[in-house]
Amino acid sequence: MSEPKRLHPIAAVSNAMKTLKEAIIPFIALFVFGSNDSSKWQNIELIIIFVSVVFILLYGWLSWLRFTYVLKDGEIIIEQGVFVRNKRYIRFERVQSIAVSEGVLQRLFGLVKVKIETAGSSGMLAEGVLTAISKEEADRISTSFSEIKNKNKNQAEIVTEHHEMEDVTLKTPTVFQMKFKELLLMAATSGGVGVVFSGAMAFLAQFEELIPYEKVFSRFEKFISSGVGVVAAAIFLGLVLAYVVATAGIVIKYAYFTVKKIEDELVITRGLLDRRKITIPLDKIQAIRIVENIIRQPLGYATVYIENAGGSVMDAEVSKVMLFPLIKKKELENLIPVFVPDYTANVSITSVPKRAFSRYLFRQWFVWLPVSVAVSAIFFPWGLMSLLLLPLSGIWAYLSYQSAGWNLTEDQLSLRYRIISKQTFIAKKRKIQSMDTKYSWFQNRKDLGTLSVFIKLGIGPGLGRVYDLEKSDIEQVKQWYLNG
């Protein structure tokens, strides 16, 4: 049995900085919106902020002082809590994945942050978080986890000489490393510019009461009348800047992306500034999802995700882990069986019937036709331009219809559909938690139905769904699942 250990003292600083980060918005609100011309009130504000900061720093130190952990008999015991003591026992048999990351603060002291995810960490936080420990200690925890997992597996199986020979060869890791040109292409086609631009607009909207937008826009209108070209150039440069920022952020986040398959585990590492390592046992994988966005699909590229039972709402990336951030789709036929055995990506998809197209078109026009009519009537005659939404939504309906389909093998179900990106959802029968079939009155008239499949993820249920399949095909899939 190991003796109880504390985290590195820098964890006290990390805890305080995290709390200060969460409190920065209330501090700004107090300082900006609560102030008036009274110097007495301003002094009270400063005192409140000073006392709060001192309390946060003290609480961070106490949190570190009261936090201990110990490795004992195949489990890790974490004891924490400043006012109320909480003792948590985590058996390594229940662990879904172990994520190791190196933030800027940890890297300065040669430390790492370890997150231990279980099937029960479906709340806001991971099951166990060690904010600042040495790399050697993190390796010891990962090794203990692997040893317990392999020990249980060996006890459950009859190992023949042939299997032992296979184990020897698997000790040499199989490696996939993302090339820099693919990283740049991934960043350039991610669509992150929209996130940056909308985030900037949302930030400015918080200061609506402080910034005189009406005066700004009135002057802006005069500026437009004097130089439309200059304004257009400024908007263009703003979008280019947002695009560059988003692209650079993705390059930094996924730099040095590497996947290693070591025996029955996948070890995924990535990151330039915030380095992260996630260890996922193969038997904890719930499904594979192949995603092709509208830019990458014509280029023949896709992103492959592993859907994992671990993770939490605050760390959804552990539930949906990138296996291949960007890869030629034709290469998946060879790579998927190597890194995720038993899964097959190269299957022949059975499309939905031709009579289903009218249903896809109806769903689009049911939304956009009333919108077009309303906008045309209210903003006539310029509102008539909104009628262009009808052919555009018709094209989108055709793309969704063309993408939809399914495939069934002895133990694997593949569903393909389009939300915005084209997605292929691949799940093993034993991993499917439940299956739902629905037949609306309109679908029944055409012998069509909707098939939904649910798996377990750390952030909640994972979903694969195809609309307007043949009713006989849905019944075939249902019998396949029930007879398992």
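Both backbone and side-chain heavy atoms feed into the values below; hydrogens, waters and symmetry mates do not.
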Chemist: Has S101 got a side-chain atom pairing as donor or acceptor with R275's backbone, closer than 3.5 angstrom?
Modeler: no

Chemist: Under a 4.5 Å cut-off applied to non-hydrogen side-chain atoms, are F176 and V338 in contact?
Modeler: no

Chemist: Do other residues, nucleotides or ligands put more than 12 heavy atoms under 6.0 Å from L273 CG?
Modeler: yes

Chemist: Taking all atoms of both residues into account, what is the closest heavy-atom pair of G405 and V466, and its distance?
Modeler: O-CG2, 3.7 Å

Chemist: Give, for atom CG of L408 and atom CG of L415, the distance between the pair rounded to the nearest 0.5 Å.
Modeler: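 Interatomic distance, L408 CG to L415 CG, rounded to 0.5 Å: 9.5 Å.
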
Chemist: With R296 as the cation and Y301 as the aromatic partner, state whether NZ or CZ is under 6.0 Å from the six-membered ring centre and within 45° of the axis.
Modeler: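 No, R296 does not lie over the aromatic ring of Y301.
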
Chemist: Please check: side-chain N/O of K328 versus main-chain N/O of L299, any donor-acceptor pairing under 3.5 Å?
Modeler: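 A pair under 3.5 Å: yes.
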
Chemist: Considering non-hydrogen atoms only, spot the tightest contact between A188 and Y243 and give its length.
Modeler: O-OH, 2.7 Å

Chemist: Is the backbone N or O of T189 less than 3.5 Å from a side-chain atom of N293, with the two atoms forming a donor-acceptor pair by type?
Modeler: yes

Chemist: Minimum heavy-atom separation for G110 to K135, with atom names?
Modeler: O-CG, 4.0 Å

Chemist: Heavy atoms, side chains only, cut-off 4.5 Å: are M17 and L105 in contact?
Modeler: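 Of all side-chain heavy-atom pairs linking L105 with M17, at least one is under 4.5 Å.
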
Chemist: Mind listing the closest non-hydrogen atom pair of N407 and S348 along with its distance?
Modeler: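 The answer is ND2-O, 2.8 Å.
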
Chemist: Look at the side chain of D264 and the backbone N and O of L282, then say whether any donor-acceptor pair between them is shorter than 3.5 Å.
Modeler: no

Chemist: Where the side chain of S14 meets the backbone of I10, is there a donor-acceptor pair that is under 3.5 Å apart?
Modeler: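 No, the answer is negative, given that no donor and acceptor are paired below the 3.5 Å cut-off.
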
Chemist: Are there more than 12 heavy atoms of other residues, nucleotides or ligands under 6.0 Å from atom CH2 of W396?
Modeler: yes

Chemist: Is the closest basic N to carboxylate O distance between E292 and R418 below 4.0 Å?
Modeler: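 Looking at R418 together with E292, the answer is no, because their closest N to O distance does not fall below 4.0 Å.
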
Chemist: Return yes if some donor-acceptor pair links the side-chain N/O of S414 with the main-chain N/O of W406 below 3.5 Å, else return no.
Modeler: no

Chemist: Looking at L392, I want to see if its CG is surrounded by more than 12 non-hydrogen atoms of other residues, nucleotides or ligands under 6.0 Å.
Modeler: yes

Chemist: Hey, which of I141, L111, V100 is the one that makes side chain to side chain contact (heavy atoms under 4.5 Å, CB included) with L130?
Modeler: I141

Chemist: Quick one: closest heavy-atom pair of Y417 and G464, and the distance?
Modeler: OH-CA, 3.6 Å

Chemist: Keeping W64 on the side-chain end and L7 on the backbone end, is there a donor-acceptor pair under 3.5 Å?
Modeler: yes

Chemist: Could you go through the side chain to side chain contact (heavy atoms under 4.5 Å, CB included) check for I133 and V112 one step at a time?
Modeler: CA-CA 6 Å; I133 62 175; V112 294; 4.1 Å; yes

Chemist: Any heavy-atom pair between the side chains of I327 and E182 that's under 4.5 Å?
Modeler: no

Chemist: Does the ring of Y467 carry R359 above it, NZ/CZ under 6.0 angstrom from centre and within 45° of its axis?
Modeler: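 No cation-pi geometry.
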
Chemist: Side-chain contact, heavy-atom cut-off 4.5 Å: E307 with F425?
Modeler: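 E307 reaches F425 side chain to side chain.
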
Chemist: Look up atom CG in L183 and atom OH in Y254, then write down how far apart they are to the nearest 0.5 Å.
Modeler: 10.5 Å

Chemist: State, with a plain yes or no, whether a side-chain heavy atom of K354 is found less than 4.5 Å away from one of F357.
Modeler: no

Chemist: Within the 4.5 Å heavy-atom criterion, are Y398 and L361 side-chain neighbours or not?
Modeler: no

Chemist: So, does Q106 use its side chain to make a donor-acceptor pair with the main chain of T131 at under 3.5 Å?
Modeler: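 Yes, because the side chain of Q106 sits within donor-acceptor range (under 3.5 Å) of the backbone of T131.
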
Chemist: Could you go through Y256 and T269, starting from their C-alpha distance and side-chain angles, then the distance that decides it, and tell me whether this counts as side chain to side chain contact (heavy atoms under 4.5 Å, CB included)?
Modeler: CA-CA 7 Å; Y256 306 111; T269 57; over 6 Å; no

Chemist: Okay, side chain of E263, backbone of K261: is any donor-acceptor separation there less than 3.5 Å?
Modeler: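 The answer is no, because no donor-acceptor pair under 3.5 Å joins these two groups.
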
Chemist: For side chain to side chain contact (heavy atoms under 4.5 Å, CB included), just list the numbers for V477 and L469, CA-CA rounded to whole Å, side-chain angles, deciding distance to a tenth of an Å, and then say yes or no.
Modeler: CA-CA 11 Å; V477 175; L469 287 172; over 6 Å; no

Chemist: For K428, does the NZ atom sit with more than 12 other heavy atoms under 6.0 Å from it, leaving out its own atoms?
Modeler: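 Enclosed.
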
Chemist: Supply the atom-to-atom distance L323 CG to I306 CD1, rounded to the nearest 0.5 angstrom.
Modeler: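 It comes to 4.0 Å.
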
Chemist: For the pair E470 and R355, evaluate salt bridge (Lys or Arg N to Asp or Glu O under 4.0 Å) and give the outcome as yes or no after the intermediate values.
Modeler: CA-CA 10 Å; E470 287 273 12; R355 63 183 184 278; 2.5 Å; yes

Chemist: What do you reckon, is NZ of K438 surrounded by more than 12 foreign heavy atoms closer than 6.0 Å?
Modeler: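 No, not enclosed.
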
Chemist: What is the minimum heavy-atom distance between R276 and A99, and which atoms define it?
Modeler: NH2-CB, 3.9 Å

Chemist: Rounded to the nearest 0.5 Å, what separation is found between the CD1 atom of I278 and the CZ atom of R270?
Modeler: 6.5 Å

Chemist: Before you tell me yes or no, could you show the steps for M435 and F454 under side chain to side chain contact (heavy atoms under 4.5 Å, CB included), namely the whole-Å CA-CA distance, both residues' side-chain angles and the distance that decides it to 0.1 Å?
Modeler: CA-CA 6 Å; M435 186 175 291; F454 299 90; over 6 Å; no

Chemist: Going by heavy atoms in the side chains, are T344 and I336 under 4.5 Å from each other?
Modeler: no

Chemist: Between M322 and T303, is there a side-chain heavy-atom distance shorter than 4.5 Å?
Modeler: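 Heavy-atom side-chain distance check passes, below 4.5 Å.
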
Chemist: As an exercise, state the distance from CD1 of I474 to CG of L448, rounded to the nearest 0.5 Å.
Modeler: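 The CD1 atom of I474 sits 8.0 Å away from the CG atom of L448.
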
Chemist: Could you state the interatomic distance from CZ (F324) to CG (L332), rounded to the nearest 0.5 Å?
Modeler: 7.0 Å

Chemist: Any side-chain to backbone donor/acceptor pair from S372 onto S386? Under 3.5 Å, distance only.
Modeler: yes

